[in-house]
Amino acid sequence: MNTGSSATQRPYVTYRSLPELAGVCTMDRAIHANWSLEQSVARLKRLHYSLRRIHETLTEKITSQPIYELKTAFSYHAYLCAEQVDLIRRRVSEMREPPLGLDKDPEESLVVFFDEINGSDSTYELLLGIYELALPAVLEACERLKNDAHPLADAPTVRVARLIVFELQELVQFGKRALQCLADDSSTEDAEDWLEHLRIFLKVSGGIDGADERIEAERCKKRYPKEKAEYRREPRRDERFIDSFNAGVNPEVFLYDDRYSAQDKTLMMYYKRLRELDVPEMMASILVDLRHEESWGFHMEMSRQLWDEARHAMMGEVGFASIGIDWTKIPINFTWSRNLNLQLDARERHGVLFFIEQGLMPRTGKRYEWEVASESGDALSALFQDFDWADEVLHAQIGRRWYVPRYSDLKEALSYGDRCWSKVLSYWQDDLEQGRTEHWNWWPDLYEQACRIWGKTPDPETLVFAETYEGKRADLEEI
Ligand SMILES: [Fe+2]
Ligand SMILES: [Fe+2]
């Protein structure tokens, strides 16, 4: 058997010294036979498990994570991890693997490592676990895979490992900065203690890929037993979000009223975009509740959609920044995600999501928003609405792939979503009576401020706009 020699017998010669082997590696490297398909699959499966757990944990924390910058970052990072999971699944399926066996858990210590990170309720512990330990360990395992895999025989795996490193290093950078910014939330001693606690599980497992030397450890006590883990489905926002129950302004009525100017409508559209922060909060709950019921394809596509919705919220944030308006002075309502998460089950919530997204009529839909933005002279709004529209077309397709087939036809699927939406109680009056909000009309202040910046006199009719959500089902809410 040829197990490869340590070097070629003499310098290997190619045509006019062109790089050998399509440039994937040197002949000296290629003649080594210390790799196997079995090893490759085993490492990929552990990476798959780890990235899937990180994806699940980040998704699960989106709803209850109050800090806006983390909520949106978790949405992004969960999606990027999902893309890597997808890459790995495809590669494993190419290696004589069906049945893939990708849903089997690896050894217990690696399972517990991720359970512990997932179980903590502390943001700082979560950031340490994910960004200081888990993700760097994944990158390390990918680097090792890149080096150990046979560069020619297993070139597609090398490519996967390289792509993962390329895409995920930005997450680690983000995490490092986030930890520095929030360092006051934990003592150095507590942080070290937590990291040490987690490291033991990783060392017992031989690292993410199992290729490190393993240590023997006495049974470590779990801090956050899985049985006690509970998903927190009530959305939370940080202290910059004021008056989150406020439903004192109905942007849809304003947007579709021809009396108001396109420029004034862009302001309301930026608000509507930012308010979309409630969509990731709600979609995350669907993914958590259907974790074991739906296939990977469902989770992959819904994660993409979730990230798009977080992007839409950030487009609103950017819009306000472009005008020079402090969005924290405006109530960004969260009762949509709150009511849905607390009142409906996951299938019903998905029905509402599909019904609203599918129901964007041409007159009041995404094309209309883009037309208004284009007419307004605000190039940024036009750009954002252009992409927002494209994203929503994609979301409607995702709904048709993953939601509609559960029903006999599109009509039944839509009417189920409609019925679910009608079931949601909105508590407009209760919120007022119980002092959760006064539903104050924040529009005139915002509009006047924008007019000052734009250097124009406020339109008197626009200034007095005072439609609320009282007694209304927010049918036109676009997401
Ligand atoms: Fe959408
Ligand atoms: Fe959206």
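One is the number of the first residue; the rest follow in order along the sequence.
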* Looking at side-chain heavy atoms only, is the closest gap between Leu127 and Glu132 below 4.5 Å? -> no
* To do: Could you go through the salt bridge (charged side-chain N to carboxylate O under 4.0 Å, His left out) check for Arg259 and Asp257 one step at a time?
  => CA-CA 5 Å; Arg259 285 174 299 169; Asp257 191 325; 2.7 Å; yes
* Any donor-acceptor N/O pair, Arg46 side chain to Gly207 backbone, under 3.5 Å -> yes
* Could you tell me if the ring centre of Tyr124 sits under 6.0 Å from that of Trp194? => no
* Strictly by modelled atom types, are Tyr407 and Ser415 linked by a side-chain donor-acceptor pair under 3.5 Å? -> no
* **Side chain to side chain, Glu56 and Asn118, heavy atoms closer than 4.5 Å** => no
* **Asn441 (side chain) donor-acceptor with Phe465 (main chain) under 3.5 angstrom** => yes
* Asked: Can you find a pair of side-chain heavy atoms, one from Leu432 and one from Phe245, that are under 4.5 Å apart?
  -> no
* Aromatic ring proximity Tyr469/Trp336, centre distance under 6.0 Å -> no
* Just wondering, do Glu369 and Val372 contact through their side chains at under 4.5 Å, heavy atoms? -> no
* Asked: Between Ser75 and Met314, is a side-chain contact (heavy atoms from CB on, under 4.5 Å) present by the stated rule, with each step listed?
  -> CA-CA 12 Å; Ser75 305; Met314 288 187 280; over 6 Å; no
* Asked: In a check of side chain to side chain donor-acceptor pair (under 3.5 Å) between Tyr131 and each of Arg177, Gln173, His77, Lys176, which one passes?
  -> His77
* Heavy-atom side-chain contact between Leu277 and Arg237 under 4.5 Å -> yes
* Give a yes or no on this: more than 12 heavy atoms of other residues, nucleotides or ligands lie within 6.0 Å of atom CD of Glu189. => no
* Trace of the salt bridge (charged side-chain N to carboxylate O under 4.0 Å, His left out) decision for Asp326 with Arg240 -> CA-CA 11 Å; Asp326 178 0; Arg240 291 168 302 169; over 6 Å; no
* Does a salt bridge link Glu301 with Arg304, judged by any charged N lying under 4.0 Å from a carboxylate O? -> no
* Asked: Using a distance-only test with no angle check, is there a side-chain donor-acceptor pair under 3.5 angstrom linking Gln449 and Lys329?
  -> no
* Report yes if the side chains of Trp443 and Pro251 come closer than 4.5 Å at any heavy-atom pair, otherwise no. => no
* Short N-O contact, Asp264 and Lys456, less than 4.0 angstrom -> yes
* **Derivation and outcome, side-chain contact (heavy atoms from CB on, under 4.5 Å), residues Leu133 and Phe201** => CA-CA 11 Å; Leu133 273 190; Phe201 295 105; over 6 Å; no
* Asked: Pick from Phe384, Trp389, Phe387: which one makes a ring-ring contact (aromatic ring centres under 6.0 Å, His included) with Trp370?
  -> Trp389
* Asked: Does Lys71 reach the main-chain N or O of Arg236 with its side chain, forming a donor-acceptor pair under 3.5 Å?
  -> yes
* Between the side chains of Trp296 and Asp86, is a donor N or O closer than 3.5 angstrom to an acceptor N or O? -> yes
* Asked: Can you find a heavy atom in the side chain of Trp421 that is under 4.5 Å from one in the side chain of Leu340?
  -> yes
* Asked: Between Arg275 and Glu252, does a salt bridge (charged side-chain N to carboxylate O under 4.0 Å, His left out) hold up when you go through it step by step?
  -> CA-CA 12 Å; Arg275 193 185 55 185; Glu252 286 75 24; 2.9 Å; yes
* Is a donor on one side and an acceptor on the other found under 3.5 Å between the side chain of His439 and the backbone of Ala247? -> yes
* To do: Name the orientation class of the two ring planes belonging to Phe114 and Tyr49 (parallel below 30°, tilted from 30 to 60°, perpendicular beyond 60°).
  => perpendicular
* Full working for side-chain contact (heavy atoms from CB on, under 4.5 Å) between Met300 and Glu83 -> CA-CA 7 Å; Met300 174 68 236; Glu83 287 284 5; 3.5 Å; yes
* Structure fact -> When rounded to the nearest 0.5 Å, the distance separating CH2 of Trp307 from OG1 of Thr72 is 7.5 Å
* **Side-chain H-bond candidate by donor/acceptor type, His55 with Gln84, under 3.5 Å** => no
* To do: Measure the CZ-CE distance between Arg401 and Met302 for me, rounded to the nearest 0.5 Å.
  => 12.0 Å
* **Glu357 side chain to Tyr403 side chain, donor-acceptor N/O pair below 3.5 angstrom** => no
* Check the side chains of Tyr427 and Asn339 for a donor-acceptor pair under 3.5 angstrom, ignoring hydrogens and angles. => no
* At their closest point, which heavy atom of Ser186 faces which heavy atom of Ala191, and how far apart are they? -> OG-N, 3.7 Å
* Ser93 and Arg89: side-chain donor and acceptor closer than 3.5 Å? -> no
* Could you verify whether a donor N or O on one side chain and an acceptor N or O on the other, from Ser337 and Asp278, lie under 3.5 Å apart? => no
* Test side-chain contact (heavy atoms from CB on, under 4.5 Å) on Glu392 and Asp308 and set out the steps. => CA-CA 9 Å; Glu392 292 307 336; Asp308 290 347; over 6 Å; no
* For Ser120 and Glu116, indicate whether the former's side chain and the latter's backbone hold a donor-acceptor pair under 3.5 Å. => no
* To do: Report, as yes or no, whether the 6.0 Å neighbourhood of atom CD on Glu371 holds more than 12 heavy atoms from other residues, nucleotides or ligands.
  => yes
* Structure fact -> Here the gap from Asn246 atom CG to Thr437 atom OG1, rounded to the nearest 0.5 Å, amounts to 4.0 Å
* **Rounded distance [0.5 Å steps], CD1 in Ile323 versus CG in Leu446** => 8.0 Å
* To do: Look only at the side chain of Asp431 and the backbone of Arg436, and say whether a donor-acceptor pair between them is shorter than 3.5 Å.
  => no
* Asked: For Glu281, does its backbone N or O pair with a side-chain atom of Asn341 as donor and acceptor, under 3.5 Å?
  -> yes
* Polar side-chain atom of His299 near backbone of Leu290 as donor-acceptor pair, under 3.5 Å -> yes
* Taking C-beta and beyond as the side chain, do Thr123 and Lys61 meet within less than 4.5 Å on heavy atoms? -> no
* Asp409 and Lys411: salt bridge (charged side-chain N to carboxylate O under 4.0 Å, His left out), yes or no, with the steps? -> CA-CA 5 Å; Asp409 55 24; Lys411 205 168 146 232; over 6 Å; no
* Hey, does the side chain of Arg349 reach the backbone of Ser285 with a donor-acceptor pair shorter than 3.5 angstrom? -> yes
* Does any N or O in the side chain of Tyr79 come within less than 3.5 Å of the main-chain N or O of Gln305, such that one atom is a donor and the other an acceptor? -> no
* To do: Flag the pair Asp388 and Arg273 as a salt bridge only when some basic side-chain nitrogen lies within less than 4.0 angstrom of an acidic carboxylate oxygen.
  => yes
* State yes or no: are the ring centers of Trp327 and Phe241 separated by less than 6.0 Å? => yes
* Structure fact -> Taking every heavy atom of Ala450 against every heavy atom of Leu267, the minimum-distance pair comes out as CB-CD2, 3.6 Å
* Give a yes or no on whether a salt bridge exists between Arg53 and Glu60, defined as a side-chain N under 4.0 angstrom from a carboxylate O. => no
* Spacing of Tyr231 atom OH and Thr59 atom OG1 [to the nearest 0.5 Å] -> 9.0 Å
* Asked: Can you tell me how far CZ of Arg52 sits from SG of Cys81, rounded to the nearest 0.5 angstrom?
  -> 12.5 Å
